[in-house]
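Each remark here refers to the structure printed beneath this line.
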2 protein chains.
Amino acid sequence: MANKAAPDAPPGSAGGTPTRRYSERSRQAIFEAALALVGEVGYEKLTIEGIAARAGVGKQTIYRWWPSKAAVLLDAFGSAADAYEHEGLPDTGDLAADLKAVLRATVDEFNDAAWQAPYRALVAAGTNDEELSRSFVGRLMEPGIRLYVERLRAAREAGELDPDVDLRIGAEMLLSPFSQRWLMRTGELTHAFVDTLVDQVLRGLRRRD
Amino acid sequence: MANKAAPDAPPGSAGGTPTRRYSERSRQAIFEAALALVGEVGYEKLTIEGIAARAGVGKQTIYRWWPSKAAVLLDAFGSAADAYEHEGLPDTGDLAADLKAVLRATVDEFNDAAWQAPYRALVAAGTNDEELSRSFVGRLMEPGIRLYVERLRAAREAGELDPDVDLRIGAEMLLSPFSQRWLMRTGELTHAFVDTLVDQVLRGLRRRD
DNA sequence: TCTCAACGAGACGGGTCGTCTCGATCGAGC
DNA sequence: GCTCGATCGAGACGACCCGTCTCGTTGAGA
């Protein structure tokens, strides 16, 4: 079954299909309009008509390629995220320091207002739409989680972590309290918080001497 | 500033204001209609008009008391949740067993379809609406988190946990991976998962011998 | 140069929004 | 019991957005 949230990119990605017609200009205009508008009016008041008008595009052009405003945002966000490809977490040999550095940077990123509106909008939409959330998780979240799992695996193989540790759950112990605080505003997102979190999580994962 | 998501309950709670007029029948009918409808058509297609029609109530009666459909759901959910007051987590002296028992029960509860729609809807709405999310967290989530913090505190005072442990973050290490999996569907919610999670979290919190 | 799908633009019926206006209903105070 | 006034159920109203459907127009592929 085709992933309705990620339609074929018209001219890009040399697929098997002959090729769609021109549209790249409209595509970019739609992404920019969607991201700008969701920041201005919020997700609830974001409309397809509004995006089309702002992008200088016909409504049909949007309806032709995306099934919902959430799908437009997902593509817009994914297109922006693809820009900086993941190159893995740093590995200086000091696991705690590496994790703290990355998570501190992520704190700053998540406290940036420009980021918040579209990202929150996507999570919210995915909460109520299972298919969308699967696309969202698979495209934007899962790769990030795997980076942490891999960094933990390297530490385990270096003898730093207990061999019996469940790496996936270990990564979730690091990331979920973080994203939960941000998403549901159950607590502040500070450098001190991630430092304590990293220390307390690693205490449980480390090999006993 | 008044909490717009939780208007004065008309006849209940003897406040300073003289008293609102009768409405309890309508109030209950609105809650029942809202919860039933959100389960049938989902949050996106839930409308104020629909709730009013189903409850046999004028639209104005809803608009008079609540600012949005999310606020109606929050009150409906809170009113249902107030029914079974929290009486604290079990304390048999075996922390791991107690936590596993409670979290396993919570797994079953969260896998219940009837629960999911309104709860997801509220989280989603709160994601995009800061004030709503603060009401939601304060009224429905924070009390639950505190139960875990208190159970951990009892264990720490019994000498089971390290005295330096941050209880709040400890509780989040237990609960956030859980709710994250449920909310964003990043993984399955099973008894085996919570068992491993509890073991792995407690490994880090326990006092070293 | 010709062809034809995608394009911008916008008309269309249907539905919901939030506000407003009706009598009717009921609690509070006399 | 009677008056008073706020809330009640009901629904009309204009505005907006939905998703579909035409229009000519544009531009890439043959």
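Per chain, numbering begins at 1; letters A, B, ... match sequence-line order.
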Open item on the list: Checking A:Y148 now: which residues fulfil ring pair (Phe, Tyr, Trp, His ring centres under 6.0 Å) with it, not counting sequence neighbours?
Closed with: none

TODO: Look up atom CZ in A:F178 and atom CD in B:Q180, then write down how far apart they are to the nearest 0.5 Å.
DONE: 11.0 Å

TODO: Verify the neighbour count for atom CZ of B:R25: are there more than 12 heavy atoms of other residues, nucleotides or ligands below 6.0 Å?
DONE: no

Open item on the list: Tell me if the CD atom of A:E40 is crowded by more than 12 foreign heavy atoms within 6.0 Å.
Closed with: yes

Distance check needed: [N] [atom2] versus [X] [atom1], whole Å only.
{"X": "A:I62", "N": "C:dA6", "atom1": "CD1", "atom2": "P", "result": "16 Å"}
{"X": "B:R25", "N": "D:dT7", "atom1": "CZ", "atom2": "C1'", "result": "14 Å"}
{"X": "A:E24", "N": "C:dA6", "atom1": "CD", "atom2": "C1'", "result": "14 Å"}
{"X": "A:L37", "N": "D:dC17", "atom1": "CG", "atom2": "P", "result": "11 Å"}
{"X": "A:I51", "N": "D:dC17", "atom1": "CD1", "atom2": "C1'", "result": "12 Å"}
{"X": "A:R27", "N": "C:dC7", "atom1": "CZ", "atom2": "P", "result": "11 Å"}

TODO: Take the C1' atoms of the five end pairs on each side of the helix from C:dT1-D:dA30 to C:dC30-D:dG1, derive the two axes, and give their angle rounded to 10 degrees.
DONE: 30°

Task: Proximity to the side chain of B:Y63 - top-ranked nucleotide from D:dC21, C:dT19, D:dC18 - done: C:dT19

Task: Closest to side chain of A:W65, choosing from D:dT7, C:dA6, D:dA10 - done: C:dA6

Task: A:K69 bridged to A:E44 by N-O distance under 4.0 Å - done: no

Task: Salt bridge flag under 4.0 Å for residues A:E130 and A:R134 - done: yes

Task: Flag for A:T92-A:D98: side-chain donor and acceptor within less than 3.5 Å - done: yes

Open item on the list: Less than 3.5 Å apart, any donor N or O on the side chain of A:T186 or B:E142 sitting next to an acceptor on the other?
Closed with: no

TODO: Mark up nucleotides 11-16 of chain C, 5' to 3', with B wherever a protein heavy atom is under 4.0 angstrom from a base atom, S wherever such an atom reaches only the sugar-phosphate, and - elsewhere.
DONE: -----S

Task: Touch class at under 4.0 angstrom, heavy-atom based, for B:G50 against every strand present - done: nothing

Task: Phosphate-side-chain proximity, B:T61 and D:dG9, N/O vs OP1/OP2 below 4.0 Å - done: yes

Open item on the list: Just N and O in the side chain of A:R64: are any of them under 4.0 Å from OP1 or OP2 of C:dA6?
Closed with: no

Open item on the list: Could you tell me if A:R120 sits above the aromatic ring of A:W115, with its cationic atom closer than 6.0 Å to the ring centre and no more than 45 degrees from the axis?
Closed with: no

Task: Comparing B:Q60 and A:K69 on DNA chain D - which has the more 5′ nearest nucleotide - done: B:Q60

